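Proteins come first, then strands; the chains are lettered A, B, ... in the order of their sequence lines, and each starts at number 1. For clarity, every value in this text was computed on a predicted model and none was experimentally measured.
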2 protein chains.
Amino acid sequence: MKNFRDVKILLYGTGAVGSLYGGKLAEAGASVSAVCRSDFNEVSSDGIFIKSVYGDYHFTPVSVVKAGSEYKDKPDFIIVATKCLPEINVAEMIKDSVHPGTSIVLLQNGIDIEPAVAGKFRENEIISGLAFVCAARTGYGRIDHADFGRVVLGTYPCGISEKVKLLVEMFRSVRIPAEAESDIIAARWRKLLWNAPFNPLSVLCGGADTSQMMNDEHVRGLAESIMREVVLVSAAHGHTVAEEFILKNIEDTLKMKPYKTSMLLDYESHRPFEIEAILGNAIRIAELNRISVPHIKTIYALLGILNSSNVEK
Amino acid sequence: MKNFRDVKILLYGTGAVGSLYGGKLAEAGASVSAVCRSDFNEVSSDGIFIKSVYGDYHFTPVSVVKAGSEYKDKPDFIIVATKCLPEINVAEMIKDSVHPGTSIVLLQNGIDIEPAVAGKFRENEIISGLAFVCAARTGYGRIDHADFGRVVLGTYPCGISEKVKLLVEMFRSVRIPAEAESDIIAARWRKLLWNAPFNPLSVLCGGADTSQMMNDEHVRGLAESIMREVVLVSAAHGHTVAEEFILKNIEDTLKMKPYKTSMLLDYESHRPFEIEAILGNAIRIAELNRISVPHIKTIYALLGILNSSNVEK
């Protein structure tokens with residue numbers, strides 16, 4: 001498999017994350033196909049145009065299909081880069097394309113998103129991945145990659161497999177900063193430490209960017225309270241995020257140029273939020289472990305009702 | 001003083017509450033004057049038109065002045081019916097019209113709003129009052145009174161003075177349901193039990209009426225969590241609200257016809273919220289007593305930043 005040209009990848013989700021990383025893996029030489037739904041026509045006829053801080057590029061999938069059952073090959077990797085939403089049943093969505101030896105990569109946000117897939121495909125390796133990237137789909141087949149781009153990958157629930165190393169190597173061969181992480185669940189908690197406060201608060205503060213949130217002492221205090229709860233739950237879950245990451249996150253956020261979170265962009269475009277992946281699952285883990293998370297529960301309830309009224313039916 | 005015609009009242013604030021009750025006290029026979037600012041021209045030339053479930057009426061103050069210093073008489077009562085906002089210094093506003101024997105009636109929302117006035121006028125009686133009313137000013141000198149109307153009055157910090165009894169008697173003489181309350185601070189906490197959750201949540205839920213809030217299980221649970229915190233703080237403050245009022249409030253709110261809170265109306269009209277009177281003071285009492293109020297602190301932080309960006313500068 002060391003020759004990247006032999007690597008077959010099937011990509012689910014050609015939004016910002018899927019297109020950006022799928023396109024880079026294709027550039028690395030892999031044979032990348034894509035399952036598209038709403039954007040099938042545009043992607044199958046013109047491919048995907050990516051405006052990127054890494055330099056603009058164009059991604060033409062080897063084949064574009066409407067469902068996994070139409071993909072006739074046996075993929076080495078399935079990469080799931082859809083939003084993590086209750087209405088998307090990932091196991092059901094990918095089932096016709098999973099073969100013996102297929103590694104399933106969940107390149108998605110949130111915490112505890114792997115069990116539903118891992119429970120269904122017990123013989124397949126699950127690779128859990130995080131993209132630290134600021135990018136958005138501006139139209140079907142059109143991606144705008146504005147900043148960052150690091151990827152962290154690990155075998156679920158822990159470890160670094162050969163397939164993880166291969167993915168990291170492929171990304172690095174096209175200058176994507178990629179890291180293998182032996183405790184990917186802990187890495188998810190660390191990412192949640194930022195996502196749990198700032199994504200929801202950006203919406204609940206009436207559309208605030210990071211700078212507006214940080215400049216309000218009460219909102220900043222609230223962000224810290226939410227992060228303290230995330231630390232407690234991560235510890236109960238056995239993947240403790242160090243307390244010092246709270247201050248580091250605050251300092252890093254203060255240094256960022258003012259930035260609109262992805263949840264705020266979703267809100268403004270009337271798209272559903274990843275509430276369950278980012279907050280709901282954390283609350284469920286907290287409750288199983290009898291950890292009190294009142295700040296998180298408050299923003300969860302408010303986001304839920306905002307989401308229902310905001311999403312176009 | 002039993003002859004109501006001898007009772008001199010100076011009213012600060014001719015919004016919905018001030019106009020409605022000032023007008024009724026005038027109807028009872030009292031000599032009611034008003035201090036007006038923004039609405040001075042309209043009120044001094046045409047008086048105030050009140051569309052009311054009690055029957056429409058018109059209120060012509062005996063005199064309309066622009067400041068307390070222009071009122072040359074010695075009032076038996078000063079009634080403060082402005083919003084309770086940090087930018088309104090009540091003690092400063094009324095100081096030129098307070099004389100020996102003047103009772104100062106604070107007919108305003110919130111908790112712990114009396115000390116700033118009581119501390120300044122140590123020789124004067126402070127009467128604390130609550131209006132349970134659904135009314136709004138629709139324009140200068142125009143009030144729409146849609147529902148309810150009960151008034152509860154008590155001497156601050158406790159007791160029922162002769163002047164409280166007189167006010168109650170005057171209100172009752174014009175069929176306003178009025179009650180004297182010997183522990184008015186407890187009555188304020190009981191009112192806060194409803195105001196603390198439902199006013200803020202109606203705004204934070206993106207403009208939800210009572211029915212929309214109650215029909216969302218998470219928001220309803222959040223309202224209950226906020227009420228439980230109010231109960232704890234009221235107990236620490238020495239004016240315990242009975243736990244059973246939580247369930248009663250929930251049941252009563254379920255029975256109401258869908259209702260937009262006053263804070264939501266303020267939000268929609270870009271007027272400032274009474275955040276400090278309703279939440280900020282409760283948080284300060286909680287902190288003095290080392291009571292944890294995470295749900296209240298969360299909605300306080302969110303409302304604060306929404307308020308800053310919402311109010312027209």
Side-chain angles (χ1 to χ4, degrees), chain A residues 196-230 232 264 267-268 270 273 275-276 279-280 283-284 286-287 291-311, chain B residues 196-230 232 264 267-268 270 273 275-276 279-280 283-284 286-287 291-311:
Chain A
F198 291 110
N199 269 292
L201 294 182
S202 65
V203 174
L204 293 171
C205 289
D209 63 30
T210 46
S211 158
Q212 290 165 320
M213 290 188 271
M214 296 307 284
N215 285 330
D216 183 297
E217 63 166 324
H218 296 295
V219 172
R220 189 165 151 179
L222 175 54
E224 286 187 41
S225 299
I226 292 166
M227 287 195 270
R228 274 194 293 275
E229 291 178 355
V230 171
L232 290 177
L264 178 53
Y267 183 67
E268 292 178 343
H270 303 282
F273 311 144
I275 307 178
E276 296 307 320
L279 299 178
I283 290 172
R284 279 180 280 278
E287 286 179 344
I291 308 282
S292 170
V293 291
H295 298 93
I296 295 178
K297 287 181 85 168
T298 301
I299 59 171
Y300 174 76
L302 295 174
L303 268 192
I305 194 169
L306 278 185
N307 187 52
S308 320
S309 59
N310 183 55
V311 174
Chain B
F198 292 110
N199 268 293
L201 294 183
S202 65
V203 174
L204 293 171
C205 289
D209 63 30
T210 47
S211 158
Q212 289 166 318
M213 289 188 272
M214 297 306 283
N215 285 330
D216 183 297
E217 62 166 325
H218 296 294
V219 172
R220 190 165 151 181
L222 175 55
E224 286 187 42
S225 298
I226 293 166
M227 287 195 269
R228 275 194 292 277
E229 291 178 356
V230 171
L232 289 177
L264 179 53
Y267 184 66
E268 292 177 343
H270 303 282
F273 312 144
I275 308 178
E276 296 306 320
L279 298 178
I283 290 173
R284 279 180 280 279
E287 287 179 343
I291 307 282
S292 170
V293 290
H295 298 93
I296 296 179
K297 287 182 84 168
T298 302
I299 59 173
Y300 174 76
L302 296 174
L303 268 191
I305 195 168
L306 278 185
N307 186 52
S308 320
S309 59
N310 183 55
V311 173

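Interface residues of residues 295-303 of chain B toward chain A, defined by a heavy-atom distance below 4.5 Å and sorted by number: His295(B), Thr298(B), Ile299(B), Tyr300(B), Ala301(B), Leu302(B). At a heavy-atom separation below 4.5 angstrom, chain B is approached by Val219(A), Leu222(A) within residues 219-227 of chain A.
For Ile305(B) against Cys205(A), the heavy-atom pair with the smallest separation is CG2-SG, 3.3 Å.
Put simply, of Pro294(A), Gly206(A), Gly207(A), the one with the most heavy-atom pairs under 4.5 Å next to chain B is Pro294(A).
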